[in-house]
> 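Pasting in a structure now, in structure tokens, and then I'll have a few things to ask.
If you read the sequence from its start, that first residue is 1, and numbering goes on from there.
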Amino acid sequence: MSVNTIVVIMAVYLAGMIGIGLYARSRISNTEDYHLAGRRLGVLMTAGTLAATEIGGGSSVGVASKAYGSWGLSAGWYVVCAGIGILLVSFVAPALRRSMATTVPEVIGRRYGVPSQVITALLGAVALVALAAVQITATATIVATLGGVEMRTAIIASGVAVVFYTWLGGMWSVTLTDFVQFFLIVFGFAIAAPFAISAAGGWGSVVDRLPPGQLGFTKIGWPTIISLIVLYFMTFSTGQEAVQRYYSAKSPRVAVWGSVLCGLLMAAYAFIPALLGLVARAQFPGIPENNALATVAVELLNPVLAGLLLSAVISATLSSASGDLLGAATIYVKDLHPRMAKTALSDAAELTLSRLLVLAVGVVAIVIALASGQIIPLLVFAFTVRSAGPFAAFIFGLLWRRTSRLAGLASIIVGTVVGLWWKIADPAVPVVKSIDAIIPASLAGVAVFLAIHLIDRSRGRLVGDSAGPHATTAHQAVQQTP
């Protein structure tokens, strides 16, 4: 009976999200509405959609599973580091909004030419599809645990749901649902935690049944914590699903304060899923790690509260998945399709193509979710792929008036190659095991960029934001110190 109550609450919630998607569809009149919500988001809406997007499956189901497993309480650092990363992005948020771009590769293309744009677009699109698969997997663990259905069936059902409401309303749909989901996530988890601890016999009882070391606050180690901060700053400042929200803000000032508020709220939320993972470890040893959060909800909470918590989890995962799907579709429409098509699309045709691509990307993400089943490892891999190479070129392109086009292309290639090599290198090598790939990859990209930039500056070969891929005029090539 209690499971039926939980399922009803979650079904009502999902119906509400689809209803919001239907309403959002009525607000879309052009592609800017679909991709950027008309660039009209205020501080609260910007903070809410950023937080709901970044507090996804990894920050809820993933953190609880890691707390249940080897990380213990220190799994909360996974989200604290994300909040710090968002706070750091606040410093470049004005430049992001002032760029008046739609995608990350668009900025890269304006500064460094078509090859750099296409490589960045491919990296970003692949990463976003993988990230969407992660969120669908996280949602499916809840559905499978509650409904007693096979995991494959749960993945397909979860994927269809998120694809449908993203397809309906684009960024307006994503933003409005994110705003609702953000508050449900924060308050749902905050209310559920003390009830779960009490139902497990109190905090003292939980602690007594935990393996030694599970309460270590920095058990994951400072190298991992620092690597996560660097990883998050890089991936949030270059990731399409996050940057697209900064582009959607009303003004640069709104982008900054929305980012600051988001970072603070994420840090405040961080350790709640970790606590629930510890409760699961104490109360239900031997269950699959990914089922920790759902098991606590179903077994320890009253049906209404469990329905609220699990709706919050699904809020977190679906909001992140929708942003990933929309981001991947936007990159293809804005950066890849124009390079392959012989004629420009009308606004109406572009809107139709965007919706079709959301469907196509969703299908691919569902297939990856069926084949993988991992959460945090796939998240970190996707973040590394899309950020290691383009980071230096994108940030310097935003902040400096003139840059070297060759430096941008070279840094994207070198950073990406180093990041991928580090990921597949023998983990038995101590330095490879202790330092996340994002650190050496980003350092290599920055070093290559600065070296070539300085050489080209001495030769008067720097170009500005207005420089196209074939610009050769003296005015565009005038040397100027950044």
> Is any side-chain heavy atom of Val254 closer than 4.5 Å to a side-chain heavy atom of Leu41?
no
> Is the ring pair Tyr232/Tyr78 parallel, tilted or perpendicular, if the boundaries are 30 and 60 degrees?
perpendicular
> Just so I know, are the side chains of Val79 and Pro273 near enough to count as touching, which here means a heavy-atom distance under 4.5 Å?
no
> Does the side chain of Leu44 come within less than 4.5 Å of Leu261's, by heavy atoms?
yes
> Centroid separation under 6.0 Å, is that true for the rings of Phe394 and Tyr112?
no
> Strictly distance-based, threshold 3.5 Å: is any side-chain N or O of Gln240 a donor or acceptor partner for the main-chain N or O of Thr102?
yes
> Okay, side chain of Gln214, backbone of Ala67: is any donor-acceptor separation there less than 3.5 Å?
yes
> Is the closest side-chain donor-acceptor distance between Thr46 and Arg245 under 3.5 Å?
no
> Below 4.5 Å, heavy atoms only, C-beta onward: do Arg405 and Val463 meet side chain to side chain?
yes
> Does the side chain of Met100 come within less than 4.5 Å of Tyr247's, by heavy atoms?
no
> If you count every heavy atom of other residues, nucleotides or ligands that lies below 6.0 Å from Lys219 atom NZ, does the total exceed 12?
yes
> Taking the six-membered ring for Trp and the single ring otherwise, decide whether the centroids of Phe217 and Phe271 are under 6.0 Å apart.
yes
> Report the distance from atom OH of Tyr246 to atom OG of Ser90, rounding to the nearest 0.5 Å.
5.5 Å
> I'd like to know if the side chain of Ser74 reaches the main chain of Ile220, judged simply by a donor and an acceptor atom lying under 3.5 Å from each other, with no hydrogens or angles considered.
yes
> Sub-3.5 Å donor-acceptor pair from the side chain of Arg457 to the main-chain atoms of Leu462, do we have one?
no
> Is the backbone of Gly62 close enough, under 3.5 Å, to the side chain of Ser65 for a donor and an acceptor to pair up by distance?
yes
> Roughly how far, to the nearest 0.5 Å, is CG of Leu228 from OG1 of Thr235?
11.5 Å
> Using side-chain heavy atoms (C-beta onward) and a distance below 4.5 Å, is Val361 in contact with Val163?
no
> Can you check side chain to side chain contact (heavy atoms under 4.5 Å, CB included) on Leu409 and Ile119, steps first, answer last?
CA-CA 9 Å; Leu409 178 60; Ile119 293 172; 3.9 Å; yes
> With a 4.5 Å cut-off on side-chain heavy atoms, are Leu359 and Arg355 touching?
no
> I need the Ser237 OG to Ile86 CD1 distance, nearest 0.5 Å.
9.5 Å
> How many angstroms lie between atom CD1 of Ile155 and atom CD1 of Ile368, to the nearest 0.5 angstrom?
11.5 Å
> Answer yes if the side chains of Ser248 and Arg39 hold a donor-acceptor pair under 3.5 Å, and no otherwise.
no
> As a quick check of understanding, evaluate salt bridge (charged side-chain N to carboxylate O under 4.0 Å, His left out) for Glu350 and Lys334, giving each step before the final call.
CA-CA 9 Å; Glu350 188 175 300; Lys334 296 294 184 180; 2.6 Å; yes
> Please report the interatomic distance CG(Leu370) to OG1(Thr137), rounded to the nearest 0.5 Å.
8.0 Å
> Is the side chain of Arg386 donor-acceptor paired with the backbone N or O of Ala127 at a distance under 3.5 Å, no angle test?
no
> Taking the six-membered ring for Trp and the full ring for Phe, Tyr or His, determine whether the centres of Phe187 and Tyr269 are under 6.0 Å apart.
no
> Which atoms form the tightest heavy-atom contact between Val80 and Ala270, and what is the distance?
CG2-CB, 3.3 Å
> Side chains of Arg97 and Val256: closer than 4.5 Å at any heavy-atom pair?
no
> Donor-acceptor check, side chain of Asp324 to backbone of Val129, threshold 3.5 angstrom: yes or no?
no
> Start with the C-alpha distance between Leu278 and Leu215, add both sets of side-chain angles, then the distance that settles side chain to side chain contact (heavy atoms under 4.5 Å, CB included), and finish with yes or no.
CA-CA 9 Å; Leu278 292 177; Leu215 292 179; 3.8 Å; yes
> Has the side chain of Ser70 got a donor or acceptor atom that lies under 3.5 Å from a matching backbone atom of Lys66?
no
> Report the residue from Thr103, Thr49, Thr330 that forms a side-chain hydrogen bond (donor to acceptor under 3.5 Å, both in side chains) with Gln244.
Thr330
> Indicate yes or no for a side-chain donor-acceptor contact from Thr416 to the backbone of Ile412 under 3.5 Å, with no hydrogens or angles considered.
yes
> Roughly how far apart are Ile136 CD1 and Ser158 OG, rounded to 0.5 Å?
7.5 Å
